[in-house]
Protein chains: 2
Amino acid sequence: MSPNGSQARREEILRLATTTGLASVEELSRHFGVTASTIRRDLARLTADGRLARTYGGAMALNAHPEASLRQRTTEAYAQKRAIARWAAAQVQPGETVLLDAGSTVGALAHELRTARDLTVATTGLTALHELADVESVHVECLGGTLRPLSQAFVGPLTEAALERMTFDRVFLSADGVTADGGICEADLRQTRLKELMARRAARTYVLAHAAKLGRAPFHAWATLPQGWTLVTDSSATDADVAAFTERGIRVVLAEPVGEPAPLQEG
Amino acid sequence: MSPNGSQARREEILRLATTTGLASVEELSRHFGVTASTIRRDLARLTADGRLARTYGGAMALNAHPEASLRQRTTEAYAQKRAIARWAAAQVQPGETVLLDAGSTVGALAHELRTARDLTVATTGLTALHELADVESVHVECLGGTLRPLSQAFVGPLTEAALERMTFDRVFLSADGVTADGGICEADLRQTRLKELMARRAARTYVLAHAAKLGRAPFHAWATLPQGWTLVTDSSATDADVAAFTERGIRVVLAEPVGEPAPLQEG
DNA sequence: AGACTCTTGCGCATAACGCGCAGTCATGCG
DNA sequence: CGCATGACTGCGCGTTATGCGCAAGAGTCT
């Protein structure tokens, strides 16, 4: 808080509100050690500037793609997915061109890449597209195709045709389920075929799947996991799960869900 | 309110809140002819269900793609754009395949098409994509391409390549400016070329532009307006403006911003 | 008919709100 | 240096919205 105390506090309020999705006057008051009046004044000002929306006991973020929207946060395995996304984002080097699949975990990765610079991101998912739509420092290519409403993913001939026109340094795939035997499990054969095509166009392939997805086979369309691919999961994966993959020449990474423990509990 | 009065009222409250973006307890109370207590109870219940967010004097919608988000509503010329969108949506017949450009007015059209059935929508704009992403009754194709951050539009080789694989019953184009002499004015030559290609693939071409855009030339990339195209604008266009277009064989439609006069002022 | 549920309207205590006033601190000017 | 100015904060006030309990009405099932 070096330059301007109140200004910095307002920015921090905004950050907290967008991170948490919701922030109460009382929490903020305690967090900054100022009276509720001051917080209220800040909120009034931020609201007048159209930067957040006032609620009864506090304020909420109004934009839908903040650091972690309320909706996202309520998603299951949020911490794990975020840990995986952070590890994956750290792999991406400046100047690279990467391909992002659809899915919530890869969407979280897209969010992490918002701060990247000198990066080209191509994607087959609406989530990633939306996460990066307003980021000027990232060049975004959409592969297009038929939109699957449930998974928010693009599939089909248009997608495959677009894929033939590009190659990538890294591709990050999602999965509905992953087993060491079968590989990636999806609901739809078009999706599995697309994943195979995507991997074929990239120098390095990563599969992002939190531990609960390991060993699961909720559907019946499969794409095999070749040697050399990297499976990124979280640290709650069992040793047996991990061993099954490593024995087959799959590199397994366990992302640790550290980071910020709880964003807004006392200061 | 035939089946269940309170249930229906809550749904209506939700609709009003999402339409208006914001609804006050007092307004709602007057609108339904019930006490503020009842409204408060309704709001508490809807909030508990996570369907809207409570504010001090009322409630606000929390999702970003409702009938008309707060953001949209604050957009200039909202009523005009909506009137244009409604007229355009009424042209679309069941079973057709239509192409939607980027832009806020066309985005409003996409919103109107949410209730359509047996319809295929292809688009070069992220706005339309997002409007229709969760609608199961509409088949959505994204043409893909490079995402222009400012206009949320796809342009470039991928988009053009995808266009070559489809034709359309109707295409709805947007414009940064429209003049009778020059035609459609845009910031970028890639955009104007794309619009020409789009029109070439469609049986009928509509240009959606509210009256304030007529005669304006904010940039310097142009696409001519051939005879047979339809320019859809709002009723605030001057006779001179309209005449300039009709003299050149352009059909001009003036959409009347009627519908709901003011969604929530007394009932 | 009687009991039950759901809902509504009303009154009241409480909490959050906006506003005005005074005090503090940093900055700028004569 | 002295003083005025402006931004910010804390405090107390009256106002307003809120939540809860209670009683009454409408509809349903036994």
Please report the C-alpha distance between A:F154 and A:L147 in whole Å, then the side-chain angles of each, then the deciding distance to 0.1 Å, and finally whether the side chain to side chain contact (heavy atoms under 4.5 Å, CB included) criterion is met. CA-CA 5 Å; A:F154 298 116; A:L147 183 65; 3.6 Å; yes
Could you go through A:F32 and A:L16, starting from their C-alpha distance and side-chain angles, then the distance that decides it, and tell me whether this counts as side chain to side chain contact (heavy atoms under 4.5 Å, CB included)? CA-CA 12 Å; A:F32 291 106; A:L16 288 173; 4.3 Å; yes
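Looking at residues two or more places apart in sequence or on another chain, you find no side chain to side chain donor-acceptor pair (under 3.5 Å) involving B:E26. With sequence neighbours left out, the side chain to side chain donor-acceptor pair (under 3.5 Å) criterion links A:S137 to no other residue. Here B:H139 pairs with B:E141 under the side chain to side chain donor-acceptor pair (under 3.5 Å) rule; sequence neighbours left out. Residues passing the side chain to side chain donor-acceptor pair (under 3.5 Å) test with B:D234 are B:S236, sequence neighbours excluded.
For B:R45, taking side-chain heavy atoms from C-beta onward, the closest of the listed nucleotides C:dT7, C:dT8, C:dG9 is C:dT7. The nucleotide whose nearest atom lies closest to any side-chain atom of B:T38 is, among C:dG9, D:dT9, C:dT7, C:dG9.
Regarding A:L28, its CG atom lies at a distance of 16 Å from the C1' atom of D:dT9, rounded to whole Å. For A:L43 and C:dG18, the CG to C1' distance is 13 Å, given to the nearest whole Å. The distance between atom CD1 of A:I39 and atom C1' of C:dG18, rounded to the nearest whole Å, is 16 Å.
The shortest distance between the side-chain N/O atoms of A:R9 and the OP1/OP2 oxygens of D:dA7 is not below 4.0 Å.
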I'd like a table of atom pairs between the protein and nucleotides 15-17 of chain D - only N or O on both sides, under 3.5 Å - with the distance next to each one.
unit_1	atom_1	unit_2	atom_2	d
D:dT16	O2	B:Y56	OH	3.1
D:dA17	O4'	B:Y56	OH	3.1
D:dA17	O3'	B:Y56	O	2.6

Each nucleotide N or O in nucleotides 20-27 of chain D that has a protein N or O under 3.5 Å away: list the pair and distance.
none

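In summary, A:R86 and A:E256 do not engage in a salt bridge, as defined by a charged side-chain N under 4.0 Å from a carboxylate O. Salt-bridge formation is detected for the pair A:D134/A:R114: a Lys NZ or Arg NE/NH1/NH2 atom is positioned less than 4.0 Å from an Asp or Glu carboxylate oxygen.
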